[in-house]
Each structure stands twice: as C-alpha cells, then as structure tokens.
Amino acid sequence: MAFCLQSVTLIAQKNALDSVTDLPDFLKRIFPSKKPISTVPRIEGPSILPSFGYNPSFGFVIGAKMSYGKQLGNHKNTQFSVFGMEALYTSNGIITVQARHNVFTKENRWYLEGNWQLSRFGLIDYGLGTGSDHGSNSFIMDEFPTTNSDSSFPVRFKYFRLTEKVYKKVTTNLYVGAGVSFNYRNNIDDIKQTGIFNTPHQRYSVQNGYDPDHYNANGLLFSIQYNSREHPLRSYGGMYADLTLRFNQQWMGSTKNATQIFYDIRKYWSLSKRNPEQVIAVWHWASYLINGSLPYLEMPATGNDAYYRSGRAYTIGRFRGPSFAYFETEYRYPITRKKLISGVAFLNLQTASDNIDKKIYGRWEAGGGAGLRILMQKQSRTTMCIDIAKGNYGAWGIFFGLNEAF
C-alpha cells in the first residue's frame, strides 16, 4: 500500500513538471537530439550565471554565480538544501570567493546555515544614514556604478568572513540554534583619503577609536527560526522568520564589544491554484545596535543580506548605519503558458541611522522596478533573474542573479 501511494505521488509530481518547460527543455526543442529519448528523470546539476561590469575604481569586472540544490531526505518531511558560490575578479586586482549553504538533514532534525568569504574586495561608500542628497549615480551594472560621483568614496580592503550556525528542530517548523561569526578586515585603503581631506570611513574610525587600516568584528550568535516555506528557492506559500542576537566579544578577537539584534521575515501568498507561481511576497529585515559600537564597514547596509539581493536600484553598501531596516514587496507571475518565462514587479524601502543625530525610520530611500525570470531547472525551481530598477539621486541599473531575490 505504501509503495502504491508513493508511486501515485511520484507520478503526480512528474505530471506537474511535465507541464512546465525549463531552459534545457526549450533548447532540446530547438536543437533536437538524434539519440533516443530517455525515460530516466533528468539529474540536475548546478546552475551557473556569468556576470560582468565596469567601475573606474576597480576596473572591468568578470565573475560567475552558482547555485545547487539537493534533497537530503523525503520531500514530505525534509526541506530542500541549497548550496551557493560566487567568484568575482576585476582588472584592478579585486578578487573574491564566497560560499554559502543552507542544509537540512533527514526529517529536518538539524539545519546548518553558513557563509564563508575570502576577498581582496572593494565597494563604493556614500557615508552614513539615509535622507541626504548623496549625489547622482550613473548607470549601475549589477553591483557597481559605471562612474563614481564626487560624493562617493571607493574603499578597498582584504576581508575574511566565517559565519556558521547550527539549528536543532524543536517542533514542527520551529528551530533553535547557535553559532559564531568571525570578520577580519585589513589593508583598508580609502582611495580618496588625503592629508587635507578625510573620508567618512576615516572620520568615523578615528572618532570611535578604530584603526582605519584594520579591525575585527567577532562574536557569538543565538537564534530562533520559524520556517514553513514549501521551497527555499522559489516559495509559493509559507513563512520564514529568523531572530538572532549577536554578541561581539573582545576575548574572541573583536576590536570592540557590541550587542546587536537582527531579524529576517519573509511571507508568501499564492494567488492561484492553477498557476501557483503567481505570488505576492513580502520581505523585512533589520539590524539594531543595542550597545557598544561597530567598525564602519561592519555596519548593516544596502545589500547586506546573505546573497546581496536587497536594495535593487542601488549599489551594495549605498546606505549604511549602526541600525538599519529594509522592506520589500514583490508580485510574481508566469508569462508563457509552460512557465519558461515569468515576470516580477517590486518596490523596496530602506532606512538607516547615523553616528550623530539621525535616527532610524526618520528618513527613507525608495527603489522599484520590474524584471524577467527564466526557469533554468524546473526540478529545483532555479531561475535566472534580470531586473531593471530605479531609485533616488538618479540611481538606476540592471541587476542579475540566480534564484528569486527572497
């Protein structure tokens, strides 16, 4: 009887996927193979997306993003596990390699979440807080503006990050966890820093007792998470909520002690039984400094989520502050009959405090746009994302990614 039920379930899943066309299916129709069609289900490998761009401070940018998913238990009682990697190189010597994982063991008994990065990195800084005219931006290609304005401050640095959390399932959809985070930055180079002009990074570091050349932010993490999403890459329903307390400790090598509270909340509503891909999704994450102080480049900022997807319309690190909050809503809908191509429309808001008198939620920065999704693997729901977004101060650009922004 169990075998029959399992067979029925597998047949239903196969029939549902047969009605969907992904990119490999599409290419097979254009370039049909002379070999006999195999009845064995296709085994999915990693999805890879090349990326490229240009910035005058960092040079020509080339890189790639990879995503891979695997089911480590029965799909009925085990969440889908996801592995990601990104590598980037520029003609002016910027290089970074980053690996991430969200792994669920059998029956979701344990959940491992990690983010590892080794970089000779760079970003464009615009100072602290939101609500001030930061000058106009040029066209943005993915992570970097193609020109630098007079009010922008390029920064280069060497960076090592190791963040790892382990969660234990306590009841249906509920997990508790703990972990560590080590963040080392050195050889920090403020490109516009001179003997008569101090950049925002230089001023803040000196005023708050940090060496502008190097600092660390190492701490303990304690988390509670609720996760009822039916899929981690492209959910049609459910909710994700994670609350984390972080304690940066000098005995762990942190330059200064600090306490932060961080949370990440995502909710999904499917609007159609016939087309479950038609979804309203909302996202809110925030980080608040409770006490102590943070190094400048360790403060939460635009794009500081795990996959650098928040704040489309702006560059990574465009807005930054000791406390930071972000909101986004997105409407997702299929375009072609067999779901190869889908569309999205989105709107986001972000707010940050500064180190003087500007409070969080006092000033807001908005961004919004629309995009296309190309289904690369229907079994894992992996999509290639192409978005056009516009924000304040003339910021606008094209943003690429693997999988949905959230």
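This is a predicted model, so every value here is computed, not measured. For the numbers below, each heavy atom of this structure counts, side chains included, while hydrogens, waters and symmetry mates do not.
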How far does CD of Gln117 sit from CG of Asn183, to the nearest 0.5 angstrom? 9.0 Å
Name all residues meeting the side chain to side chain donor-acceptor pair (under 3.5 Å) criterion together with Asn216; count only those two or more places apart in sequence or in a different chain, and write none if there are none. none
Identify the two heavy atoms, one from Asn403 and one from Ser67, that lie closest to each other, and give their separation to 0.1 Å. ND2-OG, 3.0 Å
Examine distances only and state if a side-chain atom of Ser91 and a backbone atom of Phe60 form a donor-acceptor pair shorter than 3.5 Å. yes
Could you tell me if the side chain of Tyr215 sits less than 4.5 Å from the side chain of Ser205, heavy atoms only? yes
Kindly assign one of parallel, tilted or perpendicular to the pair Trp283 and Phe406, based on the angle between their ring planes and the thresholds 30° and 60°. parallel
Would Tyr167 and Asp242 count as a side chain to side chain donor-acceptor pair (under 3.5 Å) here? Give the steps. CA-CA 11 Å; Tyr167 293 82; Asp242 186 277; 2.6 Å; yes
Any donor and acceptor pair, going by atom type alone, linking the side chain of Asn248 with main-chain N or O of Leu294 inside 3.5 Å? no
NZ or CZ of Lys168 within 45° of Trp110 ring axis and under 6.0 Å: yes
Arg363 backbone acceptor or donor facing Thr130 side chain under 3.5 Å: yes
Quiz question: by atom type and distance under 3.5 Å, do the side chains of Asn257 and Gln249 form a donor-acceptor pair? no
Run through Trp285, Tyr361, Phe262 and flag the one making a ring pair (Phe, Tyr, Trp, His ring centres under 6.0 Å) with Phe324. Trp285
So, for Asn148 and Pro154, which heavy atoms are closest and what is the spacing to 0.1 Å? ND2-CG, 3.6 Å
Under 3.5 Å donor-acceptor, Ser353 side chain and Ser323 backbone: yes
Under a 4.5 Å cut-off applied to non-hydrogen side-chain atoms, are Phe400 and Ile386 in contact? yes
Can you find a heavy atom in the side chain of Arg320 that is under 4.5 Å from one in the side chain of Leu123? yes
Take Asp211 and Thr255 through the side chain to side chain contact (heavy atoms under 4.5 Å, CB included) test and state the conclusion after the steps. CA-CA 9 Å; Asp211 187 330; Thr255 303; over 6 Å; no
Taking the six-membered ring for Trp, are Tyr296 and Tyr210 closer than 6.0 Å centroid to centroid? no
What are the two closest non-hydrogen atoms of Phe139 and Gly397, and how far apart are they? CE1-CA, 3.7 Å
To the nearest 0.5 Å, what is the distance between CG (Asn115) and CG (Asn102)? 9.5 Å
Between the side chain of Ser181 and the main-chain N/O of Gly219, is any donor-acceptor distance below 3.5 Å? no
Can you tell me if Thr383 uses its side chain to pair, donor with acceptor, with the backbone of Arg373 under 3.5 Å? no
Go through the steps for Arg312 and Glu328 under the test salt bridge (charged side-chain N to carboxylate O under 4.0 Å, His left out), then give the verdict. CA-CA 10 Å; Arg312 282 169 292 174; Glu328 182 164 354; 2.2 Å; yes
Check Asp189 with Lys158, please: is the shortest side-chain N to carboxylate O separation under 4.0 Å? no
Would you check if Asp125 and Pro200 make a side-chain contact, meaning some heavy-atom pair closer than 4.5 Å? yes
Consider only side-chain N and O atoms of Tyr268 and Glu230, and report whether a donor and an acceptor are under 3.5 Å apart. no
Does a donor on one side chain and an acceptor on the other come within less than 3.5 Å for Gln350 and Thr302? yes
Please check if the side chain of Gln71 supplies one atom and the backbone of Thr78 the other of a donor-acceptor pair under 3.5 Å. yes
Taken to the nearest 0.5 Å, the spacing of Met239 CE from Lys267 NZ works out to 7.0 Å
Are more than 12 heavy atoms from other residues, nucleotides or ligands located less than 6.0 Å from atom CH2 of Trp116? no
Pairs satisfying salt bridge (charged side-chain N to carboxylate O under 4.0 Å, His left out), at least one member in residues 175-185, at least two apart: Arg185-Glu298
Show, in sequence, the C-alpha distance, side-chain angles and deciding distance for Asn218 and Val180, and conclude whether the side chain to side chain contact (heavy atoms under 4.5 Å, CB included) test is met. CA-CA 8 Å; Asn218 306 333; Val180 294; over 6 Å; no
Any side-chain heavy atom of Arg318 within less than 4.5 Å of one from Tyr393? yes
Kindly indicate whether the side chain of Leu297, heavy atoms from C-beta on, has any atom under 4.5 Å from the side chain of Val155. yes
Is the closest side-chain heavy-atom distance between Tyr236 and Arg381 below 4.5 Å? yes
Between Tyr333 and Tyr331, what is the ring plane arrangement, given parallel below 30°, perpendicular above 60°, and tilted in between? parallel
If I compare all heavy atoms of Leu349 with all of Ala366, which pair ends up nearest, and what's the gap? CD2-CB, 3.6 Å
About how many Å separate CD1 of Ile140 and CZ of Phe399, when rounded to the nearest 0.5 Å? 4.5 Å
Tell me the closest heavy-atom pair linking Ser270 and Asn275, and the distance in Å. OG-O, 4.4 Å
Working to the nearest 0.5 Å, report the span between CZ of Phe104 and CZ of Phe80. 12.0 Å
Taking atom types as modelled, is there a side-chain donor on Ser310 or Asp305 under 3.5 Å from an acceptor on the other? yes
The salt bridge (Lys or Arg N to Asp or Glu O under 4.0 Å) partner of Glu404 among Arg234, Arg229, Arg309 is Arg234
Main-chain N/O of Pro295 paired to Lys256 side chain as donor or acceptor, under 3.5 Å: no
Check: Lys165 and Tyr111 side chains under 4.5 Å, non-hydrogen atoms: no
Decide whether Gln79 and Asn108 meet the rule of one side-chain donor and one side-chain acceptor closer than 3.5 Å. no
Could you tell me whether the side chain of Tyr184 and the main chain of His214 form a donor-acceptor pair under 3.5 Å? no
Checking Asn227 against Asn173 for the side chain to side chain contact (heavy atoms under 4.5 Å, CB included) test, could you report, in this order, the C-alpha distance in whole Å, the side-chain angles of both residues, the deciding distance, and whether it holds? CA-CA 5 Å; Asn227 189 355; Asn173 299 328; 5.6 Å; no
Could you verify whether a donor N or O on one side chain and an acceptor N or O on the other, from His284 and Tyr263, lie under 3.5 Å apart? yes
For Phe52, does the CZ atom have more than 12 heavy-atom neighbours from other residues, nucleotides or ligands under 6.0 Å away? no
Check: Thr194 side chain, Phe197 main-chain N or O, donor-acceptor pair, under 3.5 Å: yes
What's the spacing between Ile265 CD1 and Phe327 CZ if we round to 0.5 Å? 9.0 Å
Which heavy atom of Arg246 sits nearest a heavy atom of Ala217, and at what distance? NH2-O, 2.9 Å
List the steps, then state whether side chain to side chain contact (heavy atoms under 4.5 Å, CB included) holds for Asn348 with Tyr326. CA-CA 7 Å; Asn348 57 60; Tyr326 180 80; 3.2 Å; yes
